[in-house]
Amino acid sequence: MERMKRIDRVLKHQGAIVDFYDDVMESPAGDIAHWDYIAHRKGAAAVLPVLDDGRILMVRQYRNALERETIEIPAGARDDVNEPRSVCAARELEEETGYRAGKMELLITVATTVAFCNEVIEIYLATELEKVGGQHLDEDEFVEMGAYTIEELKDLVFAQKIQDSKTVAAIMAYYGKLHGA
């Protein structure tokens with residue numbers, strides 16, 4: 001099977017988190033097309049934190065792109081491209097919830113928007129949580145925390161109340177893990 005071939009990548013805008021490019025593509029028939037490409041600079045990680053009673057810690061925060069608040073798992077960008085994603089996930093857990101995990105294991109890896117962005121997020125399952133203080137958020141973060149059962153979260157996904165792709169993937173992967181799927 002013949003494939004599309006990139007013949008040029010032109011930087012259009014360099015941002016703080018992502019860079020925007022115009023990719024010039026050639027089809028197998030020789031036609032030229034322009035595709036948007038967004039490069040996520042550092043990569044990211046997220047964490048599904050499960051309390052000893054089985055409830056899951058979630059954060060509610062305003063998301064400018066959607067112009068509303070969302071319910072999500074704690075997540076954030078790595079400090080640099082060499083930072084292990086597990087370290088990033090542990091840091092985000094502590095910053096956004098005030099908890100530290102005694103145990104963390106990779107739950108699922110998600111490529112968030114494969115049509116135009118290279119962002120990949122490793123999502124960790126955090127258990128044996130210990131409260132180590134309050135939230136210590138970045139100065140531009142305003143995050144509320146809540147605890148939910150897996151059933152409540154699954155219902156929120158199916159009711160379209162949780163739509164964030166990394167959060168939906170984490171909830172459904174964890175639900176499957178609990179129920180032997």
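One is the number of the first residue; the rest follow in order along the sequence.
Under the 4.5 Å side-chain heavy-atom criterion for ILVMFWY residues, no single connected hydrophobic cluster contains both Tyr37 and Trp35.
Taking a cutoff of 4.0 Å between a charged side-chain nitrogen and a carboxylate oxygen, Asp19 and Arg41 qualify as a salt bridge. Between Arg78 and Glu122 there is no salt bridge, since no side-chain nitrogen of the basic residue lies less than 4.0 Å from a carboxylate oxygen of the acidic one. Taking the charged nitrogens against the carboxylate oxygens, Arg100 and Glu94 do have a contact shorter than 4.0 Å, which makes a salt bridge. Contact check on Arg91 versus Glu83 returns a salt bridge, with a Lys/Arg side-chain nitrogen under 4.0 Å from an Asp/Glu carboxylate oxygen.
Not a single donor-acceptor pair under 3.5 Å links the side chain of Glu92 to the backbone N or O of Ala89. Although no hydrogens or angles enter the test, the distance criterion places no donor-acceptor pair under 3.5 Å between the side chain of Thr113 and the main chain of Phe116.
Note that CG of Leu51 and OG1 of Thr97 are 8.5 Å apart. Values are rounded to the nearest 0.5 Å. Here the CG-CE distance, from Asp31 to Met4, works out to 8.5 Å after rounding to the nearest 0.5 Å. Rounding to the nearest 0.5 Å gives a distance of 8.5 Å between CD of Glu95 and SG of Cys88. The line from CD of Gln14 to OH of Tyr21 is 7.0 Å long, rounded to the nearest 0.5 Å. In this structure, CG in Leu11 is found 10.5 Å from CG in Asp22, a value given to the nearest 0.5 Å.
Relative to the six-membered ring of Tyr148, Arg55 misses at least one condition, a distance below 6.0 Å or an angle of at most 45° to the axis. At least one cation-pi condition fails for Lys12 and Phe20: the charged atom is not both under 6.0 angstrom from the six-membered ring centre and inside a 45 degree cone around its axis.
Side-chain contact annotation: His40 with Asn118, donor-acceptor N/O pair under 3.5 Å absent.
Taking Ile, Leu, Val, Met, Phe, Trp and Tyr as hydrophobic and joining them when side-chain heavy atoms fall under 4.5 Å apart, one finds Ile32 in a cluster with Ile7, Val24.
Val50 meets the side chain to side chain contact (heavy atoms under 4.5 Å, CB included) test with Leu48, Ile56, Leu125, Thr127, Tyr174; sequence neighbours excluded.
When every heavy atom of Leu178 is checked against every heavy atom of Ile150, the shortest pair comes out as CD1-CG2, 3.9 Å. A pairwise comparison of heavy atoms in Glu119 and Ala44 identifies OE2-CB, 4.1 Å as the closest pair. Taking each heavy atom of Lys154 and Ile171 in turn, the nearest pair found is N-CG2, 4.0 Å.
Legend: side-chain hydrogen bond (donor to acceptor under 3.5 Å, both in side chains) pairs involving residues 66-75, not counting sequence neighbours, sorted by first then second residue: Arg63-Glu72, Arg68-Gln163, Thr70-Glu72, Glu72-Lys166.
Exactly one residue among Val59, Ile73, Ile71, Val157 makes a side-chain contact (heavy atoms from CB on, under 4.5 Å) with Thr167. That residue is Ile73.
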